[in-house]
Amino acid sequence: MEHPSYTLLYVDDPAASARFYAALLDAAPVEASPTFALFALRSGLMLGLWSRHTVEPAPPPAAGAGAAELGFRVAADADVEAAHAAWQAQGVRIVQPPVRLDFGYAFLAQDPDGHRLRVYALGQPDAA
């Protein structure tokens, strides 16, 4: 069996979520319908956005948005700062500005449905 290669988020409005992620990821969906959108990311991960109103089988899982996170690993603290500035400029909701955590340097944002998006660089602070 292979490692997981697909993440599915239940969203209120797949078209609106697809526009959000297209701008955030600088990528177009490879599939789109009124109830579903799919992105094939450079990392190899497939990101699906499925309408929580039409998910099969109904009802969708009880865990709501924010019960998990999508992680975006970058190489260095400066890349975290650059992504933070870019996402702020795009109007992405930032819920935690860049901060040093046990595992590295990170910030936390949310998509329109409240799914958590963490950009992080592992390890110690950049050398001065």
Side-chain angles (χ1 to χ4, degrees):
M1 176 180 285
E2 295 290 323
H3 291 144
S5 59
Y6 185 92
T7 296
L8 182 63
L9 301 177
Y10 301 123
V11 299
D12 189 55
D13 181 344
S17 291
R19 287 189 298 275
F20 173 85
Y21 280 99
L24 190 72
L25 302 170
D26 193 26
V30 296
E31 182 181 333
S33 74
T35 62
F36 182 78
L38 180 67
F39 289 84
L41 306 181
R42 288 186 298 268
S43 67
L45 179 73
M46 302 296 282
L47 176 62
L49 308 169
W50 196 355
S51 170
R52 71 179 53 151
H53 308 289
T54 61
V55 66
E56 297 282 337
E69 295 184 2
L70 288 180
F72 298 80
R73 185 175 176 182
V74 296
D77 291 5
D79 300 320
V80 171
E81 292 287 347
H84 178 254
W87 286 17
Q88 273 192 315
Q90 289 179 17
V92 175
R93 182 170 184 244
I94 305 298
V95 296
Q96 181 183 47
V99 62
R100 176 83 35 215
L101 300 168
D102 290 346
F103 59 84
Y105 192 60
F107 75 89
L108 185 69
Q110 287 182 321
D111 76 4
D113 288 281
H115 297 290
R116 294 164 63 113
L117 312 172
R118 187 174 303 275
V119 176
Y120 67 97
L122 293 177
Q124 302 300 313
D126 292 337

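Below, all heavy atoms of this structure are taken into account, side chains as well, without hydrogens, waters or symmetry copies.
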Taking D113 for its side chain and H115 for its backbone only, find out whether a donor-acceptor pair lies under 3.5 Å.
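Judged by distance alone, no pair lies under 3.5 Å.
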To which residues is V95 joined in a hydrophobic cluster, defined by side-chain heavy-atom contacts under 4.5 Å among Ile, Leu, Val, Met, Phe, Trp and Tyr, whether direct or through other members?
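L108, which link up through side-chain heavy atoms under 4.5 Å apart, make up the rest of the cluster.
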Report the residues that fulfil side chain to side chain donor-acceptor pair (under 3.5 Å) with D13, sequence neighbours left out, ordered by chain and then residue number.
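None.
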Residues in ring pair (Phe, Tyr, Trp, His ring centres under 6.0 Å) with F107, at least two apart?
H84, W87
Among the clusters formed by ILVMFWY side chains lying less than 4.5 Å apart, do L41 and V74 turn up in the same one?
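Linked within one cluster.
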Do L101 and L122 land in one hydrophobic cluster if side-chain heavy atoms of ILVMFWY residues count as linked below 4.5 Å?
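Looking at the clustering, L122 is in the same group as L101.
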Taking side chain as C-beta onward, heavy atoms only, is [X] less than 4.5 Å from [Y]?
{"X": "L9", "Y": "D111", "value": "yes"}
{"X": "L8", "Y": "F36", "value": "yes"}
{"X": "F20", "Y": "V11", "value": "no"}
{"X": "Y21", "Y": "L117", "value": "yes"}
{"X": "H53", "Y": "D12", "value": "yes"}
{"X": "L47", "Y": "L70", "value": "yes"}

Considering non-hydrogen atoms only, spot the tightest contact between [X] and [Y] and give its length.
{"X": "P98", "Y": "Y105", "result": "CB-OH, 3.2 Å"}
{"X": "V80", "Y": "A121", "result": "CG2-N, 3.7 Å"}
{"X": "A18", "Y": "A37", "result": "CB-CB, 3.8 Å"}
{"X": "A109", "Y": "I94", "result": "CB-CD1, 3.9 Å"}

Give me the ring orientation class for W50 and Y10: parallel if the planes are under 30° apart, tilted from 30 to 60°, perpendicular past 60°.
tilted
Distance from [X] atom [atom1] to [Y] atom [atom2], nearest 0.5 Å?
{"X": "M46", "Y": "E31", "atom1": "CE", "atom2": "CD", "value": "8.5 Å"}
{"X": "L38", "Y": "L49", "atom1": "CG", "atom2": "CG", "value": "8.0 Å"}
{"X": "Q110", "Y": "E69", "atom1": "CD", "atom2": "CD", "value": "10.0 Å"}

